[in-house]
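We're numbering straight along the sequence, starting at 1. FYI, side chains are in, hydrogens and waters are out, and symmetry mates aren't considered; it's all heavy atoms of this structure.
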Amino acid sequence: MYINSQLGSIVQSICTGFIGQSLDELENYLLSHPSRVGMDKFVEIKNDYQLMSDYWRRGFADPQRSHLYRQLLHRLYELTVNIMLHEWLSSGNMQPLYKRPRILRTEWSVASIKKDLESYVADSVMLELEPQHIQQTKRDELNFRHQELMRNIFDYIVTSHIWKDSLCEAFVDLLLSTTVDVNDQLLIVSAISLSQMNAFDINKFKVLTTLYVQSTDIQVRQRALVGWALSLDEKVASLYPEMGDIVKTICQDENNCKELTELQMQMYYCKDTENDQRTIRDEIMPDLINGSKLKISKKGIEELDEDTLEDILHPEESERNMEKMESSLRRMADMQKQGTDIYYEGFKQMKRFTFFIDICNWFIPFTPNHPSISHIWNNAKGSKMLHRITTMGSFCDSDKYSFVLAFEQVRNQLPPHMVEMIEKGEAAPMPVGGEVPAEERQTPAFVRRMYLQNLYRFWHLYNMRGEFPNPFERMQSYRFFDNALFKGTLLSDHLQEVASFLIKRNHLVDALSILNTMPEEKKNYQYHLMLGSLTHRLGSMATVTIQLFRKALEMKPDDEKAMAGLARALFSSGNYDEAIEYYERLLQLKPDSKNYTLSLAYSLINVNRHEEAKKHLYKLQYLYPEDQYVNRGLAQVLTSLDQFEQAEKLYEQLTTVDNPQSDDLLDYGFCLWFAHKIDAAVNIFKQYVKNKRDIDADLEKVFLTLRADQLSQHQISTIEIYMMLDAVLRF
């Protein structure tokens with residue numbers, strides 16, 4: 001969406017509550033634009049403010065002053081946003097969408113819209129009384145006219161300006177009415193939501209929140225929830241205090257908080273769609289393709305009867321393919337159950353049908369009566385297969401339309417025997433992710449997930465998607481959980497749940513932001529432990545991390561997780577002595593822990609307690625002879641204890657691999673140097689140089705600064721250091 005930065009700045013100014021400054025800014029803007037759209041309303045607002053100001057300066061007491069001031073702010077906000085919308089809708093891309101419904105129809109009162117929608121329901125019922133041979137023809141005509149009506153209604157609402165209070169009540173009545181088709185209500189809810197995301201409108205917000213609270217239809221409720229949650233704007237809330245009151249009232253219901261929590265996590269599943277598609281493409285699909293000689297039916301995965309030479313020569317390969325395919329299918333099904341959009345990549349190319357040129361078709365609930373697909377749906381050939389796939393799978397409405405449209409193109413190419421088997425029920429096609437039980441398809445979480453996938457496709461594939469602010473990219477939309485409007489509500493009980501989810505999905509910064517909104521009285525052991533682990537992974541707040549783990553340990557003095565977190569944080573910050581203390585305590589709890597023993601050994605190495613470290617490392621080497629971390633630590637200890645021969649063997653093992661670690665090469669070079677094997681040391685240091693970039697200054701820094709103490713302890717003089725640098729870098 002094109003947003004005039006100057007008008008956007010004025011909106012921000014209005015939200016601060018400073019009318020005088022905002023009036024000056026808007027006046028300057030209007031005077032600098034020849035069209036001066038909105039100048040008359042601006043003059044009215046300015047005069048009303050001047051009148052109120054004059055009364056105040058004369059010392060008159062006015063108990064309504066605060067109320068009047070807020071009303072002026074509202075009027076100024078609405079005017080500025082309407083000017084912004086006018087500029088957007090006058091642009092080349094949006095102008096046809098704005099003008100078309102207003103040219104085709106002049107009467108757009110909600111009462112008129114409701115009358116037309118109710119007439120459609122009544123006419124649909126009356127069709128049942130018509131003779132059978134003319135029913136379908138009349139139904140097609142009725143549905144065509146109705147689709148055009150809904151297209152116009154959708155476009156009209158999406159391109160609407162800020163609503164008056166009366167429109168709020170009228171739309172609530174329309175969208176709660178039992179005499180209007182629920183699919184029509186769903187499309188209108190989406191239109192309101194899309195318009196609301198373009199520019200915040202308190203009356204549209206009230207419509208959506210009222211529907212969420214009062215509607216008895218699960219789909220209407222979930223679409224309304226998505227609409228108001230993704231359009232929350234805490235800055236605008238300063239203008240409309242009732243907005244905060246509405247949110248707090250909604251969050252008094254624990255079920256509402258649960259749905260908001262699910263929605264927040266589902267938004268991140270959508271955000272991660274591209275990454276998930278790579279996982280499916282690179283890790284899962286190859287196994288499915290390799291197992292393409294297998295077929296899927298109601299009985300499960302079965303081999304085709306056709307034998308090949310490869311099957312005869314390598315019969316075990318067929319079994320391996322089957323196992324891999326079964327494993328991949330299970331993994332795909334598990335991803336789907338968790339909330340992953342597994343079909344996005346597969347249906348991505350199917351959004352090029354002309355069906356998706358109309359913006360409303362991205363949001364319309366799937367219905368066989370849609371004029372674009374009814375002739376395909378009612379065709380006898382393969383209809384059972386078509387009906388079954390669209391019913392049983394985890395497909396969003398957009399993908400169902402794509403599937404039906406694509407099916408028309410391949411229907412005649414299907415082998416006749418396959419169509420016959422499907423029609424007779426002898427074979428049942430099954431979506432890759434598996435069948436979704438009917439009861440699950442009716443849950444709020446599933447309904448919401450399918451709708452979000454519709455939205456994701458719209459904002460990533462629609463040819464005019466750039467005209468609309470993308471909620472999957474706008475932080476205040478996709479990460480709404482830390483919005484100030486939720487502060488002090490029951491939603492705070494779910495902050496840790498969402499943060500834990502985000503940490504697992506590797507959205508660490510977002511998890512930190514959400515945890516930082518936790519009320520002081522709810523900062524329990526789990527909070528301090530989670531936040532400590534998070535800050536440790538982010539790696540930039542060592543002092544804070546240590547404090548958090550100490551607090552968690554105070555709450556549970558002998559807790560292993562808190563103690564382990566504190567020990568890691570102390571080690572990372574270089575506080576090795578205290579880290580040793582906690583690792584020793586941890587080993588009292590778990591004497592056989594490899595991780596705690598290894599961490600203790602490395603802590604001891606860093607404070608030059610090499611003999612103690614060696615005992616622990618020898619024990620680990622006996623148990624884990626191939627572990628590189630154990631061997632690396634032991635090699636360092638043996639070098640420090642001048643036991644070079646044993647250390648060399650370990651370094652030889654560590655560095656004779658395809659891609660040896662640079663630090664291992666460096667340490668190996670020092671070991672050889674200390675053992676007076678100068679030529680061997682030079683060769684290893686040269687290998688180290690080859691592994692690194694811009695090494696000249698770096699190696700000099702290592703010798704003269706970073707490892708200076710170690711070299712001094714082994715009586716390596718400065719002259720020898722320079723000679724080594726010459727040998728490695730110049731000769």
Side-chain angles (χ1 to χ4, degrees), residues 1-30 32-33 37-38 41-42 44-46 48-50 52-53 56 64-88 160-165 168 192-193 195-209 227-248 250 468-471 473-489 513 517:
M1 177 183 178
Y2 166 75
I3 297 179
N4 184 301
S5 58
Q6 193 175 348
L7 287 172
S9 177
I10 295 171
V11 169
Q12 296 302 316
S13 180
I14 294 169
C15 290
T16 65
F18 195 171
I19 287 185
Q21 177 180 316
S22 303
L23 284 169
D24 289 344
E25 291 175 356
L26 185 55
E27 185 171 28
N28 290 335
Y29 178 83
L30 291 171
S32 64
H33 288 72
V37 173
K41 290 186 178 180
F42 172 81
E44 291 178 11
I45 296 171
K46 184 177 180 181
D48 288 347
Y49 177 68
Q50 190 61 52
M52 186 177 75
S53 181
W56 169 72
Q64 294 296 312
R65 183 174 292 132
S66 296
H67 176 69
L68 292 172
Y69 190 92
R70 189 165 296 282
Q71 279 189 331
L72 287 171
L73 278 174
H74 291 174
R75 289 166 61 190
L76 191 58
Y77 171 81
E78 291 167 9
L79 173 61
T80 307
V81 171
N82 281 336
I83 293 171
M84 190 184 299
L85 289 170
H86 173 79
E87 289 193 1
W88 172 54
S160 64
H161 290 68
I162 300 294
W163 284 0
K164 299 297 182 184
D165 293 350
C168 172
I192 295 172
S193 300
S195 176
Q196 173 73 342
M197 292 177 199
N198 294 335
F200 184 86
D201 181 341
I202 187 61
N203 282 311
K204 290 169 188 166
F205 179 78
K206 287 179 178 177
V207 170
L208 294 171
T209 50
W228 71 259
L230 300 190
S231 64
L232 284 175
D233 190 336
E234 58 189 59
K235 294 177 182 176
V236 179
S238 61
L239 290 179
Y240 300 99
E242 64 268 37
M243 183 178 167
D245 296 335
I246 291 170
V247 171
K248 284 180 171 56
I250 288 174
F468 302 90
N470 188 338
E473 295 178 358
R474 193 168 57 169
M475 187 181 294
Q476 72 180 46
S477 297
Y478 73 75
R479 196 185 74 198
F480 61 83
F481 227 62
D482 57 355
N483 194 297
L485 291 167
F486 292 121
K487 188 176 182 179
T489 70
S513 178
T517 64

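Side-chain N or O atoms of Ser9 include none that pairs as donor or acceptor with a backbone N or O of Gln6 at under 3.5 Å. Under a 3.5 Å cut-off, the side chain of Asn203 and the backbone N or O of Cys168 do not form any donor-acceptor pair. Between the side chain of Gln196 and the backbone N or O of Ser231, no donor-acceptor pair lies under 3.5 Å. Tyr77 contributes no side-chain N or O that, together with a main-chain N or O of Val236, makes up a donor-acceptor pair within less than 3.5 Å.
Residues satisfying the side-chain hydrogen bond (donor to acceptor under 3.5 Å, both in side chains) test with Ser22, not counting sequence neighbours, are Ser13. In terms of the salt bridge (Lys or Arg N to Asp or Glu O under 4.0 Å) criterion, Arg474 has no residue partners (sequence neighbours excluded). By the side-chain hydrogen bond (donor to acceptor under 3.5 Å, both in side chains) test, Asp245 pairs with no residue at all, sequence neighbours left out. Taking Glu27 as the reference, Lys46 meet the salt bridge (Lys or Arg N to Asp or Glu O under 4.0 Å) condition, with sequence neighbours excluded. The side-chain hydrogen bond (donor to acceptor under 3.5 Å, both in side chains) search around Ser195 returns Lys204, not counting sequence neighbours. Residues passing the ring-ring contact (aromatic ring centres under 6.0 Å, His included) test with His33 are Tyr29, sequence neighbours excluded. Asp233 is linked by a salt bridge (Lys or Arg N to Asp or Glu O under 4.0 Å) to nothing, counting only residues two or more places apart in sequence or in another chain. Judged as a side-chain hydrogen bond (donor to acceptor under 3.5 Å, both in side chains), and not counting sequence neighbours, Lys206 has no contacts. Every ring-ring contact (aromatic ring centres under 6.0 Å, His included) that His74 has, sequence neighbours left out, goes to Tyr240. Qualifying ring-ring contact (aromatic ring centres under 6.0 Å, His included) partners for Phe200, counting only residues two or more places apart in sequence or in other chains: Phe205. Every residue meeting the ring-ring contact (aromatic ring centres under 6.0 Å, His included) condition with Tyr478, not counting sequence neighbours, appears here in chain and number order: Tyr268.
With respect to Leu23, the side-chain contact (heavy atoms from CB on, under 4.5 Å) criterion is satisfied by exactly one of Ile14, Ile45, Asn28, Ile10: Ile45.
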Would you be so kind as to tabulate the donor-acceptor pairs closer than 3.5 Å made by side chains of residues 79-86, with sequence neighbours excluded?
| residue | atom | partner | partner atom | Å |
| --- | --- | --- | --- | --- |
| Thr80 | OG1 | Leu76 | O | 2.8 |
| Asn82 | OD1 | Ile162 | N | 2.9 |
| Asn82 | ND2 | Glu78 | O | 3.2 |

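Taking CD1 from Ile192 and CE from Met197, the interatomic distance works out to 12.0 Å, rounded to the nearest 0.5 Å. Annotation: the span from Ile19 atom CD1 to Arg75 atom CZ amounts to 9.5 Å, rounded to 0.5 Å. The distance from atom CZ of Phe486 to atom CD of Glu234, rounded to the nearest 0.5 Å, is 10.5 Å. To the nearest 0.5 angstrom, Ile246 atom CD1 is 4.5 Å from Thr209 atom OG1. For the atom pair OG1 (Thr16) and CG (Leu239), the distance works out to 8.5 Å, reported to the nearest 0.5 Å. For the atom pair CH2 (Trp88) and CG (Asn4), the distance works out to 14.5 Å, reported to the nearest 0.5 Å.
Taking the side chain as every heavy atom from C-beta outward, Leu208 and Ser193 approach each other to under 4.5 Å.
Across all non-hydrogen atoms, the minimal contact from Gly244 to Leu485 is CA-CD2, 3.8 Å. Closest non-hydrogen pair, Ser238 versus Arg70, comes out as O-NH1, 3.1 Å. The two atoms that bring Gly38 and Leu30 nearest to each other are O-CD1, 4.4 Å, heavy atoms only.
For NZ of Lys248, the number of neighbouring non-hydrogen atoms (other residues, nucleotides, ligands) closer than 6.0 Å is greater than 12.
Taking the centre of each ring, Tyr49 and Trp56 stay at or above the 6.0 Å mark.
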